[in-house]
Colleague: 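A single structure is presented below for examination.
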Amino acid sequence: MAIIETLNLGQKHRRQYTLKDINLSVDAGDVFALIGPTGAGKTTLLRLLNLLDKPSEGSIIFDGINVTVSNSHYLDIRRRMSFVQQKPVVFDMSVFDNVACGLKWRHQQSETIKQKVGNTLKLVGLSDYANRNALTLSGGEAQRVAIARALATNPEVLLLDEPTANLDPNSITKIEEVLTHTIAEQKITVVMATHDMSQGQYLANKIGVMMDGKLLQTGSPDDIFNSPISREVAEFVGIENILDGEIIDKDGNLATIDVNGITVQAISDYAIGERVYILIRPEDITLTLAGDTTSARNTFHGRIIKATRIGPLFHIKANCGFPLLAVVTRKSAQEMGLTDGREIYASFKATAIHAIKK
Amino acid sequence: MEELWQALGKAVELLVTFDAEVMEVSGRSLAIAATSCSITALICLPLGSLIHFSRFRGKRLLISIIQTLYSIPTVAVGLFVFVLFSSSGPLGGLDLMFTPAVMVIGQVFLVTPVMLGLTIAALNGVDKAISETAVSLGASRFQAAVITLKHARYAVLTAVIMGFGRAIAEVGLALMVGGNIKGFTRTLTTAISLETSKGDIELALALGMVLILVALVINLTLNRLQQR
């Protein structure tokens, strides 16, 4: 059952929509990641869900209660959630008192507060900092205090706005560990905004892609990353091979697509004559030096335009009559001698192609 | 010039020997100013928070009016309180005229704009994210206001001290509604005024020194707070 639902939710700022027609459904226990570029409206949506701002239009239904009808439920409903903002805000008091705040505001007994704060500080690895003023902490530590403060109240719904943005790798790892542990142990519902797609993929079971104030696609990480519904979503989720084509033949659901005069075979339900974008993830492309070594339906001869080392991988840009980007390990690139100008064969399966209507 | 030095010497003697009259007048001044300031703080801190946290039409105008009243002349407040509490006034029946109580009431009127305006300014100086974070963590409006006030505590304390400074240093109001009655409503400022007119410069100077000492303590406290 959905614990949070939004119906045609919209928000205007100076007569301009910052959020429009958001229809979202988050089930209890879901970890829902909102991904999208900066300015997509993720923070605006989280603020609305936390009832910090009133929407210009549409409704928010929390656990069956339409909270946009009246604000009489605001405090009760807000006390069932916690919101961690992108910029860690800590109060000018000790770390212990910071984490205890939400519990004190819920009038919990001092013994309970002591126990819960102790446990939560242990979880985030800040037990030794309990008596330190929170203002003296580093950005990563302050964010861990903010997360501890949110978790201490045992919220049903945890809202996270870019919880690891601008933090050092160690802090990111620690915060992701805490979130993974909490999600697994407490079966908490999480709605988190992130522009780190790997984080969304790693933590969430559902993802929503937002752009320009609109929710373009929701689905499982697999749906979003392998079957984006539009070119914008495909570009955002890192599908770098997006080619224009037209279906010229069908054999069952095996389509023959004309791309720049070259035929590509893909699995598609679209009919002959349909203009489509074909999407191929770089990691689904195999590069070989001879053309007859793979069983893939699509094999194209081409030449490397640029081989660039990025961390442990090589990004190989090739021209096969159309541009293609493939990814190979550093070891493979060295063994095969994949350097600029080298002739190669690029192969990919028909099932590796996702075609979307243009 | 020699007379002045003699007067100054005598004033210091009155102070260091804890002259009964000097102590009595100083004690009353401090008591009246402290009482009026405490009452004003009890009014201004919640009222300032209410104004700061509420959204209403005319809020900016109201704050401008409060700020304008910072410099209201003490005699104007004195006249207002006099009319209010004189025997023919609407509150004349309370029979408070020429008592320390009416002086306290007058000082509350006098200090309220300063303390209220500075409290609102102090709350404005706190990052909005503090109250927003509190609300997002389940604080009620009152609880969010309390934590915001806590973050503004040094600035709010400055507002209270400024109010105390205005209360203890005023003379017009104390003369008009207190009557400068010896042993009853005579304060540092009214006594200085009277003793100077009588030509008792030594006593006037001694009382003036107490007033300067109070001002010094206020300034030192403010400086310490601002350094935090």
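First the proteins, then the strands, lettered A, B, ... as listed; each starts at 1.
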Colleague: Mind checking what makes side-chain contact (heavy atoms from CB on, under 4.5 Å) contact with B:V12, not counting sequence neighbours?
Modeller: B:V16, B:M209
Colleague: Over all heavy atoms of both residues, which pair between B:G138 and A:W105 is shortest? Give the atoms and the distance, please.
Modeller: O-CB, 4.1 Å
Colleague: Can you name the closest pair of heavy atoms from B:L137 and A:A150 and give their distance?
Modeller: CD2-CA, 4.1 Å
Colleague: Would you say A:R132 has more than 12 foreign heavy atoms packed within less than 6.0 Å of its CZ?
Modeller: yes
Colleague: Tell me if the CZ atom of B:F56 is crowded by more than 12 foreign heavy atoms within 6.0 Å.
Modeller: yes
Colleague: To the nearest 0.5 angstrom, please state how far the OG atom of B:S140 sits from the CZ atom of A:R78.
Modeller: 10.0 Å
Colleague: Count the heavy atoms of every other residue, nucleotide or ligand shown that sit under 6.0 Å from NZ of B:K59, and state whether that count exceeds 12.
Modeller: yes
Colleague: Tell me, yes or no, whether the heavy-atom count around B:Y70 atom OH, taken from other residues, nucleotides or ligands under 6.0 Å, exceeds 12.
Modeller: yes
Colleague: Looking at B:D127, B:V146, B:I130, which makes the most heavy-atom pairs under 4.5 Å with chain A?
Modeller: B:I130
Colleague: So, for B:S136 and A:N50, which heavy atoms are closest and what is the spacing to 0.1 Å?
Modeller: CB-OD1, 3.0 Å
Colleague: Taking 4.5 Å as the heavy-atom cut-off, does anything in residues 83-98 of chain A contact chain B, and if so which residues?
Modeller: A:F83, A:Q85, A:K87, A:V89, A:V90, A:F91, A:D92, A:M93
Colleague: Take atom CE of B:M162 as the centre, draw a 6.0 Å sphere, and report whether it contains more than 12 heavy atoms from other residues, nucleotides or ligands.
Modeller: no
Colleague: For A:R47 and B:E132, what are the C-alpha separation, side-chain angles and deciding distance, and is it a side chain to side chain contact (heavy atoms under 4.5 Å, CB included)?
Modeller: CA-CA 10 Å; A:R47 288 179 62 86; B:E132 217 162 59; 2.7 Å; yes
